[in-house]
Every structure is written in C-alpha cells, then in structure tokens.
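Reviewing the structure listed below.
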Amino acid sequence: MLIAQISDTHISEDDGFMERTYETAACLRRAVDHLIQLPVKPDLVMVTGDCVDTGTDWEYARFRELLQPLTMPVHVIPGNHDDRTRMRTVFGAQGAQAMDGFVQYVVDIDPLRLIALDTNIPGAPGGKLCAQRLDWLEARLAEVPDRPTVIFMHHPPFATGMKVMDGMGLADADAFGAVVARHPQIERVLAGHIHCTLQRRFHGTIAASCPSTATQIQLDLAHPERLSVSREGAACLLHSWSEETGLLTSVSEISGPRPVDILFDGEKWTV
Ligand SMILES: [Fe+2]
C-alpha cells in the first residue's frame, strides 16, 4: 500500500503572481511525472491544500487538467488559499461519509483508514477545525478503532518557530490534540501549509508536514522573524504500509531523476 502526498501546488492564472514568479503549473507537471515514474505506483494521491492560489474557477480547471495523467484516485482538501465551495463543485463529494458544508471525508483503503479534514476559514490565512468538525472527526475515529488511521489536513497542528507561519497556524490545535489523544490507532497527522518537511510528536502520534511542489520555505533558526522561500527542493511524501513495516514515511525529491548506486544487489555488496 502506497499513499503519495503532494501539497501547496498553488496553481494560479497565467498572469497571477505565483505563476509569473514560480511557474507553478510546470512544477505540478513535474510532480505528476514524478509520481507516474515511481518504481511502485501509488494506490492513491492526496493533495493537502493550497491546490490553487486565489480560488477561481479557471485555477481549479487548470489544476484538475494538470492532474489528469494520474490514473489512481486523487483526493484533495482545502488550504487557506482554496475556495471550499468551488473545490466541492469541481471535485464533487469525495470519499465516503462526506460532511455537509465542509470538505471532510473518509477513504477506507484496506487496511488503512484515511481521514481528510478541512481547516479552511474563508478569507483568512489561519486554520480552524471548530467543534462541529472535531465532533465529526471523533465519530469517524470511534467507529473503526482498530484500523490504522492517517489524518490529512492543511494547517499543521504545531508551532514551527517561524513567526509568520505561526501567525497563520491552526487556532484550535489543543482541542484537536485532545481528540487525537483518545484514539491510539492514528498513525500520522499529515499536513501542508508550511512548504517544508517538519515532524514532531503530537498527542501519542507523529505529526508531519509535506513540502510544496513549487516553493520551499526555509526554516531559518537564526532569524525566526524572517520568511524566506526557495525554488529548490520540491518533494512529495510517500507513506508506505505493510504488515512487516507498519507505516513508513519517506521524502521523495521531485527535482528530476538522479543516478542511483546499488550498494547491495540482493545477494552481495557491490562496494
Ligand atoms: Fe501554501
């Protein structure tokens, strides 16, 4: 079982800031090619928000068109740059047990349960889950307590130290954490939003964030007040599951194929 996660694709109109500055469509095209060429085909792709940059119909049409080469199921959740209503119009009701009014749903993909959460606050950069969305989450977790579960959401539920990003973080992370703590089957909480890979312990599980396909935010420990981005280092996260290994998360660079040195060929060391 292999779940691929891409994030923060930020598709914008041709004259939009993101496309003019970062060529986000070309970046997504490269990410899609990367997923297609993986040695093991992902069973599902999840896009963890900021799919488009300003939420227009044109952007969603373009975003969907760029994903077309992917033949496996592709699911999306909204980020702060997305428009929940337009996203629902373009992608319809996704998964099962879709929640009214939000883009929250379940995908049971044996043996895992994936739960997509909607942290969007219309017009605001920060995120929130609210009591209504958390109650729905609690019910989805309680009904299948023995199935390894992965939660996807846009805003990470933890502080990063980066002042700008923490100023647009998840408002009710503690309330979310209280729900997570009651359900030990949660293998991961996986987010986007901060355009880099960070991971930390979170109420009995592991929370991690996915890089962007387009622009990477640099974790500048010396200058937490700054926000710096780079066009280098586009990557996705690959979450693989087997009975033997449990859920493993690896970072898969999108920057293009590179030579691979086989150190052990299955029978002997080659160096
Ligand atoms: Fe973003």
Side-chain angles (χ1 to χ4, degrees), residues 4-13 16-32 45-56 58-60 62-64 66-67 74-84 86-87 90-91 103 116-129 151-171 173 189-199 207-220 224 226-237 251 253-254:
Q5 179 186 3
I6 61 173
S7 201
D8 294 83
T9 50
H10 282 275
I11 297 305
S12 80
E13 303 202 19
F17 168 75
M18 288 299 282
E19 181 59 21
R20 278 188 286 112
T21 312
Y22 300 113
E23 300 173 314
T24 53
C27 292
L28 179 52
R29 206 175 288 118
R30 210 155 34 235
V32 166
V45 175
M46 177 67 78
V47 190
T48 42
D50 284 2
C51 302
V52 304
D53 201 50
T54 63
T56 65
W58 189 97
E59 288 178 347
Y60 281 110
R62 183 80 174 118
F63 173 64
R64 193 168 195 191
L66 289 161
L67 295 173
V74 178
H75 291 280
V76 301
I77 52 173
N80 47 294
H81 283 260
D82 287 298
D83 181 294
R84 175 186 294 138
R86 290 206 179 96
M87 178 176 270
V90 172
F91 286 89
V103 186
L117 297 182
D118 176 347
T119 56
N120 178 273
I121 305 170
K128 186 177 174 64
L129 280 166
I151 293 176
F152 291 94
M153 57 204 289
H154 180 66
H155 294 82
F158 53 81
T160 66
M162 294 183 281
K163 301 299 179 202
V164 174
M165 297 314 292
D166 290 345
M168 53 175 93
L170 185 72
V189 172
L190 297 167
H193 189 51
I194 53 176
H195 293 224
C196 62
T197 312
L198 290 178
Q199 52 187 302
S209 58
C210 181
S212 163
T213 56
T215 59
Q216 312 315 313
I217 291 176
Q218 305 299 304
L219 179 63
D220 187 344
R226 293 182 186 169
L227 186 66
S228 309
V229 303
S230 163
R231 293 179 64 169
E232 298 298 316
C236 60
L237 296 184
V251 179
E253 289 184 36
I254 294 173

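As the structure lists them, so they are numbered: ligands from 1, and atoms in each ligand from 1. Source: prediction; values computed, not measured.
- Applying the 6.0 Å contact sphere to CD of Q199 captures no more than 12 heavy atoms from other residues, nucleotides or ligands.
- Annotation: cation-pi pair R64/F91 present, NZ/CZ under 6.0 Å from the ring centroid and within 45° of its normal.
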Apply the test side chain to side chain donor-acceptor pair (under 3.5 Å) to residues N80 and H154: give CA-CA distance (whole Å), side-chain angles for both, the deciding distance (0.1 Å), then the verdict. CA-CA 8 Å; N80 47 294; H154 180 66; 3.0 Å; yes
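- At a threshold of 2.8 Å, the Fe ion (ligand 1) has a backbone or side-chain N, O or S atom of H10 nearer than that distance.
- The N, O or S atom of D8 with the smallest distance to the Fe ion (ligand 1) is OD2.
- For the Fe ion (ligand 1), the N/O/S atoms of H81 include none lying under 2.8 Å.
- Nearest N, O or S atom of D50 to the Fe ion (ligand 1): atom OD2.
- With hydrogens and angles ignored, the 3.5 Å screen pairs no side-chain donor or acceptor of D53 with any backbone N or O of I11.
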